[in-house]
Amino acid sequence: MTVVCKQYGKNHWSGRCVEEHSGMSYLLELDDKCNMIVVDAIRNFLLYAWNKLAAAVSANQSQLKKFTDASSFEEQVHVLLETLSHKPGVTIREAVYEIVRELSRLGDENEGKSEVLAQESKLEGSKAFSQHLDEQALTLYNEALRLCPSCSPNLPLLYANRSAVLFHMGRFEECLEDIDRALKKQYPDHLQHKVLVRRAQCLQSLGRRSEALTAAGEARTLCESLAPAKSRDSYFSTLEALEGLDVTLRDSKTKSSDVIGRTSDMSAESLVCSGEKLASLSDLHKEMTSAVQDFNVQAKKYKLLDGPNPDINFMSDALVMRENASEGRHVVSKRTIPAGSTLFVERPFAYMLLPKHLSSYCYNCITSLTTVPIPCLNCRIVVFCTEACRDAAQSWHRLDCCRLTLTSAGGMAQLALRAVAVAGWRVCSVVMKEGHEAVAKEQYNKYTPIARYRALYRLVHHIDQTPVEEKIQYCLASIILATALQNKLESLNRGGANKQHKQNRSNNKQLPEGWGSLEQVAALLYRHIGQLVCNGYAIYQVLSQPLPRVGKEPRESEISCAIESLSQERIASAIFATASLMNHSCKPSTINSYVGNLLVIRNVEELAPGDQVYSCYGPYYCRHSRSERRSLLQQQYHFTCTCLPCTDPTYLRAEKQWCGMKCEPCGGLATYGDPDSSTAIAGDSEAGDEPLICLDCGNKCFPSTRFREMCTKAQKLHSEGMANLEKECDVEKAVRHLQEAVRLGAQVYGEDNEFLGSLRDSYAWALSVQGSYEDSARVLKQHLGTVERRYGNSSVELGHELVKYHSILRQKCIKIIGNTSAGEKLSLREMYAVESRYSSIFTKVYGEDWEALINVQI
């Protein structure tokens, strides 16, 4: 299960994607043969070149003036292309081309297939399998398949070998699929009897008796003619057992001879990506027909309120889009809408996995891989969940295949390139020439290639309000990516990149395959970068996991503990044109969740007729102060927020509670500075340099020396306690330190102070590791009150904490199982009540099937 939220903090409510969007935001590194690669030398080279190019533009005042005076994106791109770079006499056009050519060469070397590395992994996999290390063998064969060229004779052998591992792991369906792949890839005739016998065994194990008998007959025929005499009797015995229904699943490991090995002297071969052209518009329309059917199924499954909207695709018919000068396009309710209703069901126009997740999520549908991965035909980097997903991604992945080292370096800019690749230049060029009035009555974002791309193209970009330094960064990013596209297209069409570049340096010819000129493509990417900075979504996965193990060896209490905690991890970025219509509120009325690449948006509060439906662009009122929120929104979205939490003084007092201190004279809530100051961060002892102002008695004074010492000691004890727990494996000492830290913290920090909450959370964890579940539950219950007061009694944040609390209660009940006292019956009732409560919260947020989406052990 995944949710969509902002990058700032772990905010389940957020909708848009806050990025480090200026410059090259992140690069990729190598940690094994198949992961993304950029060695330090490449990283330094790219960042150095990027910064030098930007500095060269800023230093050239005449060109800088031309850039700022240019009236269109294409003119700005042209100005930068003709500006001299940091190299004397070399324009940015030429400098970027050289940078891209070098990185593309490295991409082909480091991201392409490798026969040598594939053979190494294959031999290691066969060794692991012979030693009965099935999981390790499967990992190695998966790696070998990602590395193996599509034309290699090793490929069918690898599929057959992996099928043997899967068979002995009891994964019979996947085993059958790998057998089919091996046979389709021309598995050697003299070895086919082996996989056919295995196929018959799988079918029998799956209860498909008639198919098993047919497969056994085919296998017997081949065994009689092909199997070596010394192993023929073994095969016949297996087949006779199948035909006689005397079937026994594996009770011992197979001999190593059961896996066919093959020594290869082949040198590494590089397989150039297919030169297949982009799909025709008629093909795209066929894809859209399938997409419409998918949407209808998903809208029904997730109960889109009142069905699909006839005017706005992917939106509930209980909503309507409005537009005015002050609020722009926005969404309002047409009727009373109960909380928990589904308002949007939308798949993204384009999306990209973050580099660290390329080996564990499908590159096409971004679902977590629970089956054996299907490798790309041409690169070693990306994997898919099925061949169908691999085929569906071919039209756009071909343009970044073996180029992810380069394109991923642009952060959100990579998503701009992906969007253009998904649309295709023919669609892009049609939309770029349109006038607004031409399609005013057409359904927004409807399922046609042009309408889908038009919805993206017309999103706001705010580049006109962006500082010139950031404009230069965006523009340079677009030039680098457009040049990367040019290089890839030339490579695919085997026209000779150097020859083509000599022609393009003196004129503005089109790129291969009917794409526009470099200036036109870069200008479009420039526009999309601005749009994605304002409208991009970050996709997070919600993970259910036990708390970290303490030390190298598990303690007895840890083995039985398995205290669960829900956490989030960002896995991808995406763009949703319909969901982007909603305006921002720091206290949004909706919450987003993800199933695969499907966005499902529900309202968290009842909506009255005419109420505006709000999303959250990142800064959330329960996590950021008013000044922080306004600063972030102004910087990235260029508006001053006037939502209720940003204007109502009641919310400002609540913010103070999260970093509040105890007033020494009266014990009330005291804060540093003026009521809107955010200088007092949680647990910051240096904030005592300012006077504390009590919001209850009005007293204003500097904290005493004793008060400051207690703050400092609580923080020190917390650090020492966590070190005792995580590094020294001294649980008893950790418990003592954290207990004292909580005692001191309660005397100086406000009850809802964020740092005091973290103290209690750490103390509860230490107690659970110690096996003191009753004490752990008592401490965590105090923390639950803080979370509930901050986020609300039906918030997903509270739901996540309740899962942890439920896990501790469960362990407490397991520990005293068999005790029938009234007190222990009370513990069981409380555990069931907590379970009911978080179930209610998650049903409201994630829908009725939330248990299948979040792996919470009950």
Side-chain angles (χ1 to χ4, degrees), residues 34 118-119 121-148 150 152 154-188 191-209 211-212 214-216 218-219 222 234-235 238-239 241-242 247-262 359-362 367-376 380 383-390:
C34 280
Q119 182 66 12
S121 293
K122 176 191 169 190
L123 293 175
E124 292 173 10
S126 297
K127 181 180 178 181
F129 184 70
S130 68
Q131 296 174 350
H132 301 179
L133 303 174
D134 288 350
E135 290 288 351
Q136 183 179 339
L138 182 61
T139 298
L140 288 164
Y141 282 139
N142 287 341
E143 183 179 90
L145 282 164
R146 290 169 65 187
L147 289 160
C148 189
S150 298
S152 169
N154 254 339
L155 190 62
L157 298 174
L158 283 169
Y159 279 123
N161 287 6
R162 190 171 73 175
S163 75
V165 179
L166 292 168
F167 174 75
H168 291 299
M169 295 176 75
R171 296 166 64 170
F172 302 120
E173 292 285 3
E174 292 171 279
C175 177
L176 288 173
E177 292 172 357
D178 265 1
I179 290 172
D180 289 340
R181 293 180 184 116
L183 294 173
K184 289 177 182 177
K185 295 291 183 181
Q186 307 303 313
Y187 189 64
L191 300 175
Q192 286 190 13
H193 59 282
K194 291 195 169 190
V195 293
L196 290 179
V197 170
R198 190 175 301 136
R199 172 189 278 172
Q201 290 175 293
C202 281
L203 291 168
Q204 181 63 50
S205 298
L206 290 169
R208 293 154 64 175
R209 173 65 178 160
E211 294 175 79
T214 301
E218 295 174 359
L222 281 179
S234 175
Y235 286 120
T238 300
L239 294 172
L242 284 172
V247 181
T248 304
L249 295 182
R250 179 190 188 194
D251 56 9
S252 62
K253 295 289 181 178
T254 302
K255 296 179 181 179
S256 59
S257 60
D258 205 34
V259 180
I260 307 300
R262 175 175 176 138
S359 62
S360 53
Y361 286 82
C362 176
T367 54
S368 180
L369 293 176
T370 56
T371 59
V372 289
I374 306 301
C376 172
R380 70 176 78 168
V383 291
F384 302 90
C385 58
T386 62
E387 281 92 347
C389 265
R390 183 174 65 188

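Proximity of L206 to L176: side-chain heavy atoms (C-beta onward) are separated by under 4.5 Å at one or more points. Annotation: side chain of E124 is not in contact with side chain of Q136 (no heavy-atom distance under 4.5 Å). The closest side-chain heavy-atom distance from Y141 to S126 is below 4.5 Å. In this structure, V197 and Q201 have side chains that are in contact, with non-hydrogen atoms separated by less than 4.5 Å. Taking 4.5 Å as the limit, every side-chain heavy atom of R181 sits out of range of all side-chain heavy atoms of L145. With a 4.5 Å cut-off on side-chain heavy atoms, C385 and L369 count as touching. Annotation: side chain of L183 is in contact with side chain of R199 (closest heavy-atom distance under 4.5 Å). The closest side-chain heavy-atom distance from L157 to P188 is below 4.5 Å.
Looking only at distances, a side-chain donor or acceptor of Q192 sits under 3.5 Å from a matching main-chain atom of Y187. Looking at S121, its side chain never comes within 3.5 Å of a backbone N or O of A118 through a donor-acceptor pair. Counting only distance, with no hydrogens or angles, the side chain of R162 and the backbone of L138 share no donor-acceptor pair below 3.5 Å. Counting only distance, with no hydrogens or angles, the side chain of R146 and the backbone of P373 share no donor-acceptor pair below 3.5 Å. Of the possible polar contacts, one joining the E174 side chain to the V372 backbone as a donor-acceptor pair under 3.5 Å is found.
Rounded to the nearest 0.5 Å, atoms CD (E177) and CD (E387) are 7.5 Å apart. To the nearest 0.5 Å, the span separating CG on L140 from CG on N161 amounts to 11.5 Å.
Closest of all the heavy-atom pairs between F129 and A137 is N-CB, 3.8 Å.
Side-chain N/O atoms of N154 and K122 include a donor and acceptor closer than 3.5 Å.
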